[in-house]
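Step one of this worksheet: look at the structure below.
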Amino acid sequence: VMKTASAAIVVTMAAIFWLSTAFAESGGAAESGGAPTSAAVEPATIEGYRSARFGMTEAEVKKAIKADLSVDDPVKATNPAERTSVLIVSGKNLIPDSPPATVTYILGATTAKLIQVNIVWGEKGGADAKQIVPIANALATYFLDKGSYAKDSVAVNQNLPDGTVLVFRGADAKGRMVVLQLTPIIDPAEAKKATKEKPVELKKATLKLSYVASPAKPDVFRIEKGRF
């Protein structure tokens, strides 16, 4: 059984996939809490994924899927806990030389309109780190070049308690957010043998990219406070 790496292990490999010069070249903000500082940088906007825009109906999202990914019949499912509907498709070669990805379009519980898009590479058991790491680099640089983000919304290359690496996070002026996370997949037996001098070699990982319309108030089912 494989599992995600511990935070200690992730720290040893973080420098492998993050290009330390990328952030400085994009505008020079700190690792978190700011946006590129150049006055000439235009504000970033996060409206959805490709032609699938936040607020679209199911029919409109399906048209966008057809146009973007050439898929006529996305799999439809529901999230019973959140009472949202999801459209799921397989995306091939979304980035040149990338492994297959699963693209999930989430429609709100009350509006039935697009509220989030998740793109996951290596969903089942992880993908080759030699493919995933360059993709993480390329996407991080892409978003940093996209423009300036809302104050205190930017986070870059942060190790989370569960071992996931927050490669990039940023929100636009309307609070819409993009989040890029890399999760190393580590063999427990190899993890036990790891030392500071000989850390675990990263062989597989999962990369998740999310576009979120309203992180603070998502359109999902929640039991009202005080009901129980």
Side-chain angles (χ1 to χ4, degrees), residues 4 10 17-18 32 35 44-56 58 61 64-65 68-69 74-79 81-91 94-95 98-109 111 113-124 126-127 132-133 135-147 149-150 152-185 205-222:
T4 58
V10 173
F17 71 88
W18 178 247
S32 65
T45 57
I46 302 164
E47 300 177 311
Y49 174 59
R50 296 191 179 181
S51 61
R53 304 291 180 167
F54 295 134
M56 280 186 169
E58 180 178 328
V61 172
I65 292 172
D68 295 340
L69 303 176
V75 175
K76 185 174 181 179
T78 59
N79 182 321
E82 297 184 345
R83 300 187 183 180
T84 55
S85 297
V86 296
L87 300 175
I88 307 167
V89 301
S90 177
L94 297 182
I95 295 174
S98 64
T102 299
V103 187
T104 304
Y105 301 79
I106 303 175
L107 305 171
T111 63
K113 293 182 178 181
L114 187 66
I115 62 170
Q116 184 169 332
V117 181
N118 296 327
I119 305 162
V120 181
W121 290 269
E123 183 176 36
K124 297 180 179 180
I132 289 294
V133 166
I135 293 171
N137 273 332
L139 285 169
T141 300
Y142 170 82
F143 289 117
L144 286 166
D145 289 343
K146 191 175 177 69
Y149 294 84
D152 299 326
S153 74
V154 175
V156 178
N157 192 28
Q158 293 189 353
N159 296 295
L160 304 181
D162 67 352
T164 297
V165 179
L166 180 58
V167 182
F168 179 81
R169 183 194 68 210
D172 67 9
K174 294 184 178 182
R176 301 171 298 192
M177 185 174 286
V178 60
V179 183
L180 180 64
Q181 297 178 308
L182 185 144
T183 303
I185 307 297
T206 296
L207 185 65
K208 181 179 180 179
L209 173 61
S210 297
Y211 297 86
V212 189
S214 181
K217 295 182 179 180
D219 181 13
V220 299
F221 174 75
R222 291 286 187 269

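Quick caveat, the model's predicted, so the values are computed rather than measured. Only this structure's heavy atoms are used, side chains among them; waters, hydrogens and symmetry mates stay out.
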Write down the atom of [X], the atom of [Y], and the distance for their closest heavy-atom approach.
X	Y	answer
Val167	Ala140	CG1-CB, 3.9 Å
Leu180	Ala136	CD2-O, 3.8 Å
Leu166	Ala155	CD2-CB, 3.7 Å
Ile135	Ser98	CD1-CB, 3.4 Å
Pro215	Pro218	O-CD, 3.6 Å
Thr206	Gly126	OG1-CA, 3.8 Å

Only counting residues at least two apart or in another chain, list the ones meeting side-chain contact (heavy atoms from CB on, under 4.5 Å) with [X].
X	value
Val89	Ile65, Leu69, Val71, Pro74, Val103, Tyr105
Thr111	Lys113, Asp219
Lys208	Asn118, Val120, Ser210
Ser214	Lys217

Is there a side-chain contact between [X] and [Y] in this structure, where contact means two heavy atoms from C-beta onward sitting under 4.5 Å apart?
X	Y	answer
Arg169	Gln158	no
Asp172	Ser153	no
Arg50	Leu94	yes
Gln116	Thr84	no

How long is the span from the [atom1] atom in [X] to the [atom2] atom in [Y], to the nearest 0.5 Å?
X	Y	atom1	atom2	result
Leu87	Thr104	CG	OG1	9.0 Å
Leu207	Ile119	CG	CD1	9.5 Å
Tyr211	Ile106	OH	CD1	14.0 Å

* Contacts of type side chain to side chain donor-acceptor pair (under 3.5 Å), residue Ser51, not counting sequence neighbours ->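 With sequence neighbours excluded, Ser51 shows a side chain to side chain donor-acceptor pair (under 3.5 Å) to Asp68, given in chain and number order.
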* Residue from Thr141, Val156, Leu182, Leu139 passing side chain to side chain contact (heavy atoms under 4.5 Å, CB included) with Phe168 ->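 Testing each of Thr141, Val156, Leu182, Leu139 against Phe168, the sole residue satisfying side chain to side chain contact (heavy atoms under 4.5 Å, CB included) is Val156.
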* Could you tell me whether a side-chain N or O of Arg176 sits under 3.5 Å from a main-chain N or O of Ile46, the two making a donor and an acceptor? =>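 Such a contact is found between Arg176 side chain and Ile46 backbone.
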* Asked: In terms of heavy-atom contacts, does OH of Tyr142 have more than 12 from other residues, nucleotides or ligands at under 6.0 Å?
  ->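 Not more than 12 within 6.0 Å, no.
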* Residues Phe143, Leu209; criterion side chain to side chain contact (heavy atoms under 4.5 Å, CB included); working and verdict -> CA-CA 11 Å; Phe143 289 117; Leu209 173 61; 3.7 Å; yes
* To do: Answer yes if the side chains of Glu123 and Thr102 hold a donor-acceptor pair under 3.5 Å, and no otherwise.
  =>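 Present: a donor and an acceptor within the cut-off.
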* Can you list the residues that meet the ring-ring contact (aromatic ring centres under 6.0 Å, His included) rule with Phe54, with sequence neighbours excluded? ->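 Scan of Phe54 (ring-ring contact (aromatic ring centres under 6.0 Å, His included), adjacent residues dropped) gives none.
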* Asked: Where do Leu160 and Gln181 land on the side chain to side chain contact (heavy atoms under 4.5 Å, CB included) test, with the steps shown first?
  -> CA-CA 10 Å; Leu160 304 181; Gln181 297 178 308; 3.7 Å; yes
